[in-house]
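Just so you know, these numbers use all the heavy atoms, side chains as well, and skip hydrogens, waters and symmetry mates.
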Amino acid sequence: MNSLEVEKRAKELFDSGFYCAESVLQAVAEHAAIHSPLIPKISTGFCGGISRSKGMCGAVTGGAMALGMIFGRTSADMPPDDTYLKVRELLTTFETQFGSSNCFDLTGCDFNDAMDRQRWKESGMSNKCRGFTGAAARMVTEIIDRDRSR
């Protein structure tokens with residue numbers, strides 16, 4: 001899959017009922033041919049702005065997990081710097097495109113509030129999150145594909 005296909009797949013996963021972080025991590029894992037019963041469940045707590053806390057966008061945290069899945073350390077004596085640079089690149093690219101990487105700033109929705117969640121569903125705001133999800137998956141895939149080809 002190329003980056004646009006991964007973006008499309010992340011949106012399909014989102015449309016099927018998975019949330020932002022889950023969809024990004026799952027789509028990127030499929031792209032990398034990584035299969036684990038931990039994916040996407042390991043990312044569930046990061047959805048909704050980190051468990052509905054108005055924190056970082058789940059699509060971004062799912063992307064950070066995906067980059068760690070590909071480039072992260074496998075032993076304590078390995079330096080984390082390369083992975084950190086890739087995650088910061090994702091943050092910069094996402095924030096440049098959308099103005100923020102914070103869920104509440106992006107959506108104006110407090111997902112911990114049941115009325116806000118209902119408003120999010122009924123108003124079509126979920127389409128914004130679908131777009132953030134697809135874009136984050138594409139951005140991550142572009143970083144992976146570029147750096148794997150070096």
Side-chain angles (χ1 to χ4, degrees), residues 1-72 82-114 116-150:
M1 287 193 287
N2 65 38
S3 63
L4 294 177
E5 292 168 326
V6 176
E7 177 177 14
K8 180 182 175 195
R9 177 65 178 140
K11 289 177 177 180
E12 289 170 353
L13 289 161
F14 188 87
D15 292 343
S16 77
F18 282 108
Y19 295 135
C20 45
E22 297 165 329
S23 298
V24 171
L25 184 59
Q26 180 66 44
V28 174
E30 290 174 11
H31 170 68
I34 295 173
H35 306 283
S36 170
L38 297 177
I39 301 169
K41 72 191 272 183
I42 197 169
S43 58
T44 299
F46 293 89
C47 300
I50 304 183
S51 297
R52 299 178 178 163
S53 69
K54 298 191 214 175
M56 185 171 283
C57 170
V60 175
T61 57
M65 283 185 276
L67 288 167
M69 176 178 66
I70 302 298
F71 299 110
D82 186 53
T83 304
Y84 290 174
L85 287 172
K86 288 171 176 51
V87 172
R88 285 200 314 260
E89 179 183 348
L90 168 64
L91 287 169
T92 299
T93 304
F94 191 92
E95 290 170 355
T96 297
Q97 183 170 342
F98 297 111
S100 179
S101 59
N102 177 274
C103 179
F104 186 75
D105 291 345
L106 292 166
T107 65
C109 184
D110 177 356
F111 287 101
N112 200 44
D113 180 277
D116 253 11
R117 285 194 309 274
Q118 189 63 33
R119 180 177 58 87
W120 177 82
K121 285 181 186 175
E122 292 173 356
S123 70
M125 277 195 294
S126 63
N127 284 328
K128 284 180 76 174
C129 293
R130 181 183 190 272
F132 301 143
T133 298
R138 177 184 37 78
M139 292 170 189
V140 167
T141 304
E142 289 169 353
I143 293 168
I144 291 168
D145 290 350
R146 179 199 67 216
D147 287 10
R148 278 192 161 173
S149 66
R150 285 184 182 172

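- Taken to the nearest 0.5 Å, the CG atom of L67 stands 12.5 Å off from the CZ atom of R88.
- Atom CD in E142 sits 11.5 Å away from atom CG in D147 (nearest 0.5 Å).
- Distance check: F132 CZ to S100 OG gives 9.0 Å after rounding to the nearest 0.5 Å.
- Heavy atoms of other residues, nucleotides or ligands lying less than 6.0 angstrom from CZ of F94 number more than 12.
- Closest heavy-atom contact between T107 and C129: CG2-SG, 3.7 Å.
- The nearest pair of heavy atoms linking V24 to A59 is CG2-O, 3.7 Å.
- At least one donor-acceptor pair closer than 3.5 Å links the side chain of E5 to the backbone N or O of N2.
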Q: List the steps and the verdict of side-chain contact (heavy atoms from CB on, under 4.5 Å) for V140 and V6.
A: CA-CA 9 Å; V140 167; V6 176; over 6 Å; no
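- The structure places OH of Y19 at 14.0 Å from CG of L13, a figure rounded to the nearest 0.5 Å.
- Considering every non-hydrogen atom in both C109 and F104, the closest pair reads O-CD1, 3.3 Å.
- Separating the OG atom in S101 from the CG atom in L106 is a distance of 7.5 Å, to the nearest 0.5 Å.
- In this structure, H31 and D145 have side chains that are in contact, with non-hydrogen atoms separated by less than 4.5 Å.
- Scanning both residues, S43 and E22, for their nearest heavy atoms gives OG-CA, 3.2 Å.
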**Q.** Step-by-step salt bridge (charged side-chain N to carboxylate O under 4.0 Å, His left out) determination, E7 to K11
**A.** CA-CA 6 Å; E7 177 177 14; K11 289 177 177 180; 3.7 Å; yes
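- Not a single salt bridge (Lys or Arg N to Asp or Glu O under 4.0 Å) links R52 to another residue, sequence neighbours left out.
- Side chain of R117 to backbone of F111: a donor-acceptor contact under 3.5 angstrom is found.
- With rounding to the nearest 0.5 Å, the separation of OG in S126 from CH2 in W120 is 5.0 Å.
- With hydrogens and angles ignored, the 3.5 Å screen pairs a side-chain donor or acceptor of S51 with a backbone N or O of G45.
- Atom CZ of F46 sits in a sparse spot, with 12 or fewer heavy atoms from other residues, nucleotides or ligands closer than 6.0 Å.
- Ion pairing between a basic and an acidic side chain is recognised when a charged N comes within 4.0 Å of a carboxylate O; E12 and R9 show such pairing.
- By the 4.5 Å heavy-atom criterion applied to side chains, N112 and K54 are not counted as neighbours.
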Q.
Let's go through V60 and E95 carefully: what are the C-alpha distance in whole Å and the side-chain angles of both, what is the deciding distance for side-chain contact (heavy atoms from CB on, under 4.5 Å) to 0.1 Å, and is it a yes or a no?
A. CA-CA 10 Å; V60 175; E95 290 170 355; over 6 Å; no
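- The two residues A10 and A137 have their closest heavy-atom pair at CB-CB, 3.6 Å.
- Annotation: I50, atom CD1; neighbour count of heavy atoms from other residues, nucleotides and ligands within 6.0 Å is above 12.
- F71 pairs by the ring pair (Phe, Tyr, Trp, His ring centres under 6.0 Å) definition with nothing, not counting sequence neighbours.
- S36 pairs by the side chain to side chain contact (heavy atoms under 4.5 Å, CB included) definition with L38, I39, not counting sequence neighbours.
- A pairwise comparison of heavy atoms in I42 and M65 identifies O-SD, 4.3 Å as the closest pair.
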